> 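Input: one structure, supplied below.
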Amino acid sequence: MSGKLHTIESAIEVDQAQGCGVTPQLAFSVDSTATSTILAALLERIDAGVIWLAPDGNIRSRNQASHRLLDGLLARVLESEGASHDVLDADGAPIPAARLAGLIGLGSKEAISGRVFGLAMDMGHIHWVSLNSFPAHALDAQMDGVLIVATDVTEQRVKSKRLDVALKIFQVATQGFFLLDQDGRIIAANEASERITGYVEAELIGQSPISFCVPDMRAALQDAVEQSVRSSGVWEGEFTAQQKSGASYRLWCSLTTFQSPVGKIEYSIATISDITEKWAAQERISFLVNFDPLTELPNRGMLDGWMDFATAEARRRHGRLAVLFVDLDNFKWVNDSLGHHVGDLLLIEVARRIKLVVRESDIVVRQGGDEFIVALQGLVDGREASRVAEKLLASFGQPIIVEGHRLHVGASIGISIFPEDGGDKDELLKNADAAMYEAKRAGRGQYAFYSPILNAQAVSYARLAAALRVAVMRGAFDLVFQPQLDAQTRQITGLEALIRAQDPELGPPSVFIPVAERTGLVSDLGEWVIVAACRQIREGLDMGFEPPKIAINVSALQLRSQSLTKTIGEAVVASRIPHRCLEIEITETLLMERLDEAREALAWLRQHGIVVAIDDFGTGYSSLAYLQSLPIDRLKIDGSFVRELGDGGGGVVARAILSLAKSLSLEVVAEGVETEAQAELLAELGCGFFQGYLFSRPITAQEVPQFCGWSGPTKR
Ligand code: C2E
Ligand code: CA
Ligand code: CA
């Protein structure tokens with residue numbers, strides 16, 4: 001700046017004759033060139049004060065701005081009247097008048113650049129100017145005195161003073177401070193922030209304060225901050241953070257963004273403090289109030305709140321709620337004989353197992369001692385509650401190992417259902433408790449419903465499941481075989497294997513197969529069927545009788561984890577029979593639910609020449625597209641559709657299935673054919689195979705050869 005002024009000034013010639021007027025008006029005379037005129041005019045309009053002093057300090061020439069900037073100072077130099085204001089040096093100390101002339105360059109041969117003077121005004125206000133001066137003979141050897149250029153630096157001084165103070169506060173504050181750039185990255189950090197985060201400033205620079213947050217909460221924090229900043233420009237909150245050492249601590253953070261008029265963030269300031277101690281104390285208190293310190297499960301207080309909310313919610317949605325009162329059977333014995341320490345560890349493990357069984361939205365509470373309460377929400381009916389109770393009992397059935405002791409605890413469970421068994425939490429808890437005593441009385445290790453009807457259902461289901469488990473273990477089943485015939489020739493083309501339980505309590509397969517599916521027994525049961533069917537084929541072959549293809553029903557649950565293909569593969573090898581002796585029937589609905597798992601198994605079956613039939617076709621929701629995409633060979637029309645046939649031209653579904661099968665080139669077996677009229681109509685519509693009481697009920701293995709027209713081993 002001063003360099004530029006210097007050049008301008010050099011271009012000016014000073015007219016002494018005009019210059020020494022009483023009124024120091026524009027006194028620079030310029031030469032005749034246009035440039036000089038313009039420069040003189042500019043000089044008069046700039047903010048800088050320009051003045052030419054004679055060696056004795058008297059003014060020779062000056063511009064307009066020099067009045068404001070230099071009059072006070074010059075009055076002091078000349079000791080003129082009214083020179084009442086102190087002149088200060090850059091540090092604010094008064095300068096004795098005697099030294100002033102020298103400091104502004106009067107009588108000096110040296111140029112002065114950027115020397116700052118303060119002029120103390122009224123009311124403590126200080127006017128600051130920065131001064132450049134140089135001896136006039138530097139311009140022209142004929143000239144004497146000094147040329148001074150002064151600029152107003154008052155505002156600058158105030159600003160930089162403020163910044164100094166701010167920086168000091170920034171550095172010495174006990175709170176951590178960050179200055180962030182427009183992208184939220186740290187560009188400056190104070191000492192406290194280094195202490196809190198464990199990083200030095202150089203490591204902090206470029207990071208976002210959000211990166212201090214523990215990893216699994218970081219995304220959520222980022223969202224919260226962004227949302228708040230977007231709507232209000234600020235964010236304030238706390239989170240669990242990680243120090244450089246890995247130690248975690250609780251961080252409170254307040255973020256203020258500074259935005260441009262168009263709403264773009266220019267920079268931000270973040271304040272942080274470590275609130276770990278305060279937070280931990282609060283957490284501990286709220287934990288003790290709401291949780292059981294041993295098992296860390298919520299306590300009764302929490303349950304009350306949860307139940308109030310859940311009953312209100314269930315009432316609003318017309319839904320159900322279940323309360324399970326769980327009481328351990330042998331806990332007292334463990335506690336008394338092995339000590340409280342073992343008892344405590346046992347309770348912790350029990351709590352862990354219960355939590356594994358229930359969903360996130362349910363609540364598990366330690367009621368006290370060896371009693372737990374499990375409350376389930378969003379139920380359709382009581383059956384889901386019995387399923388959870390079964391799972392709990394099964395999980396307690398596994399021994400718990402505590403300090404080398406193998407403990408069998410077992411539990412009794414009482415169940416009450418909202419709204420049937422109680423309209424509020426107190427009633428539900430009371431009735432679940434009563435049901436629990438009922439379960440204990442009936443023999444330990446059981447569950448009981450408070451309501452008699454549900455209880456009867458649960459008891460019969462539990463009895464059935466238990467009897468089934470025993471039967472599966474013993475293999476106490478038989479296979480019967482129902483013939484399938486060619487629609488044209490009425491020759492036997494195959495046999496469907498159907499299971500029968502030896503224990504009459506299990507009832508027909510339509511009763512116990514669903515129980516097997518729900519209890520997971522179905523894979524063992526299915527394996528038994530496959531092995532038994534293969535063995536029957538082997539026995540026939542050994543007699544010299546070659547039985548027709550045998551169709552085996554499999555539950556789609558068996559398709560899981562390749563257990564089906566593995567079982568078939570092994571059974572076929574063990575019985576030394578070709579794969580193609582078998583056919584597999586899979587129900588449509590179950591197949592649809594497990595399409596992806598099924599695809600692989602179906603491919604394996606196709607590859608080994610095993611025919612696949614879709615059972616009960618028409619009862620599900622198969623789409624043409626999925627039918628086309630699967631390697632299937634036949635459809636079995638459900639008996640219910642066959643029955644509709646012939647009743648005065650009905651049987652729309654059967655007709656539709658037959659024409660669909662035709663277009664997909666699939667074979668069709670009609671099930672449950674009971675009358676000749678049905679058989680004739682089906683044959684007309686293009687159905688290839690029949691199965692039903694019209695031809696034969698399921699028969700025993702011993703009856704099969706004769707039924708197939710086999711006349712016994714040929715005599716050699
Ligand atoms: P499904 O596969 O549809 O079997 C046909 C059922 O219809 C058999 O009943 C059979 O006895 C019966 N049936 C055959 N012809 C006629 C008829 O003309 N009229 C009438 N009303 N019924 C007829 P079942 O043996 O009681 O089997 C019932 C269901 O149990 C079977 O239906 C099948 O889904 C399942 N099931 C049977 N055995 C097994 C098996 O070994 N494994 C699996 N997973 N399920 C099986
Ligand atoms: Ca079947
Ligand atoms: Ca069927």
Side-chain angles (χ1 to χ4, degrees), residues 468 471-472 475-485 492 494-502 504 506-536 549-560 563-564 567-568 571 582-591 594 598 601 611-620 632-646 654 668-679 682 687 689-701 703:
L468 186 64
V472 169
F477 298 95
D478 295 306
L479 283 185
V480 291
F481 300 89
Q482 189 176 32
Q484 296 175 341
L485 297 86
I492 293 172
L495 297 164
E496 178 176 5
L498 294 160
I499 195 165
R500 296 290 177 260
Q502 290 167 356
L506 288 178
S510 52
V511 172
F512 68 79
I513 292 285
V515 179
E517 281 174 344
R518 261 180 57 185
T519 51
L521 285 166
V522 74
S523 25
D524 286 344
L525 190 67
E527 190 173 330
W528 181 91
V529 173
I530 292 165
V531 171
C534 291
R535 202 175 294 143
Q536 288 299 338
K549 210 181 272 280
I550 292 193
I552 295 171
N553 291 284
V554 302
S555 157
L557 294 173
Q558 285 173 258
L559 294 177
R560 226 188 289 181
S563 83
L564 176 72
T567 306
I568 294 176
L582 299 179
E583 173 173 336
I584 294 298
E585 292 188 8
I586 303 170
T587 57
E588 184 189 4
T589 8
L590 281 173
L591 180 64
R594 303 183 174 270
V611 169
V612 176
I614 302 288
D615 207 352
D616 301 344
F617 191 79
T619 58
I632 349 171
D633 309 281
R634 344 172 85 180
L635 301 181
K636 294 189 78 174
I637 304 184
D638 192 60
S640 58
F641 303 124
V642 173
R643 221 158 297 139
E644 289 168 10
L645 271 174
V668 178
V669 186
E671 288 186 318
V673 182
E674 291 180 345
T675 68
E676 192 58 50
Q678 291 165 348
L682 283 163
C687 176
F689 303 89
F690 297 146
Q691 182 181 343
Y693 292 170
L694 174 64
F695 310 102
S696 172
R697 291 190 172 255
I699 54 177
T700 63
E703 295 169 309

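The structure presented is a predicted model; accordingly, all values stated were derived computationally and were not measured. Each ligand, and each atom within it, is numbered from 1 in the order the structure gives. Sequential numbering from 1 along the given sequence is applied to the chain's residues.
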> Taking N or O atoms only and a 3.5 Å limit, does Pro509 qualify as a polar contact for ligand 1?
no

> Provide the number and element of each atom of ligand 1 under 4.0 Å from a heavy atom of Gly692.
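Here the atoms of ligand 1 in question are 15 (N), 18 (O).
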
> Taking the basic N atoms (NZ, or NE/NH1/NH2) and the acidic carboxylate oxygens, is any pair closer than 4.0 Å for Glu671 and Lys636?
yes

> Using a 4.0 Å heavy-atom cut-off, which part of Val529 comes near ligand 1: side chain, backbone, both, or neither?
side chain

> Between the Ca ion (ligand 2) and Thr587, is there an N, O or S atom separated by less than 3.0 Å?
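Checking Thr587: none of its N, O or S atoms is under 3.0 Å.
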
> What's the shortest heavy-atom distance between Thr700 and Phe481, and which atoms?
C-CD1, 4.3 Å

> Quick one: ring-ring contact (aromatic ring centres under 6.0 Å, His included) partners of Phe512, sequence neighbours excluded?
Phe477

> Can Gln484 and Gln691 be counted as having a side-chain donor-acceptor contact under 3.5 angstrom?
yes

> Please check whether Arg500 reaches ligand 1 - meaning an N/O of the residue sits under 3.5 Å from an N/O of the ligand, judged on distance alone.
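Arg500 vs ligand 1: N/O contact under 3.5 Å present.
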
> From Glu496, does some N, O or S atom reach closer than 3.0 Å to the Ca ion (ligand 2)?
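Yes, within the cut-off.
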
> Consider ligand 1: state whether an atom of it lies below 4.0 angstrom from any non-hydrogen atom of Gly639.
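So Gly639 does not count as touching ligand 1.
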
> Starting at CD1 of Ile499, measure out to CG of Leu506 and round the result to the nearest 0.5 Å.
10.0 Å

> Is Gln691 in polar range of ligand 1, meaning some N or O pair under 3.5 Å apart?
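So ligand 1 has no N or O lying under 3.5 Å from an N or O of Gln691.
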
> List the atom pairs, with distances to 0.1 Å, where a side-chain N or O of residues 521-531 and a protein N or O form a donor-acceptor pair under 3.5 Å, not counting sequence neighbours.
none

> With a heavy-atom distance limit of 4.0 Å, tell me whether Asn553 approaches ligand 1 through its side chain, its backbone, both, or neither.
both

> Could you pull out, from Tyr693, Phe695, Phe690, the option with a heavy atom nearest to atom 16 (C) of ligand 1?
Tyr693

> Calculate, to the nearest 0.5 Å, the distance between atoms CD1 and CD1 belonging to Ile614 and Ile586 respectively.
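Going from the CD1 atom of Ile614 to the CD1 atom of Ile586 covers 6.0 Å.
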
> Run the contact test for Glu496 against ligand 1 with a 4.0 Å cut-off on heavy atoms, strictly below, and give the result.
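In this structure, Glu496 qualifies as a contact of ligand 1 - some heavy atom is under 4.0 Å.
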
> Where on Asp638 is there a heavy atom closer than 4.0 Å to ligand 1, on the side chain, on the backbone, on both, or on neither?
neither

> Which one holds for Gln482 and ligand 1: side chain close, backbone close, both close, or neither close, with close meaning a heavy atom under 4.0 Å?
side chain

> Search all heavy atoms of Leu495 against all heavy atoms of Pro483 and return the closest pair with its distance.
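So the minimum-distance heavy-atom pair works out to CD2-CA, 3.8 Å.
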
> For ligand 1, which atoms sit closer than 4.0 Å to a heavy atom of Asp616?
3 (O)

> Where is the tightest heavy-atom contact between Val480 and Pro698, given as atom of each residue plus distance?
CG2-CB, 3.6 Å

> If you round to 10 degrees, what value do you get for the angle at the Ca ion (ligand 2) between Asp615 atom OD2 and Asn553 atom OD1?
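It comes to 80°.
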
> May I ask you to check if any N/O/S atom from Glu585 comes under 3.0 Å of the Ca ion (ligand 2)?
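Yes, within the cut-off.
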
> So, for Gly507 and Ala501, which heavy atoms are closest and what is the spacing to 0.1 Å?
O-CB, 4.3 Å

> Non-hydrogen atoms of Ser555 versus ligand 1: any pair closer than 4.0 Å?
yes

> Whether the side chain of Asp633 engages the backbone of Val612 through a donor-acceptor N/O pair (distance < 3.5 Å, no angle test) should be reported.
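It does hold such a pair.
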
> Considering the heavy atoms of Pro698, write down every atom of ligand 1 situated less than 4.0 Å from one of them.
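In order of numbering, the contacting atoms are 11 (O).
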
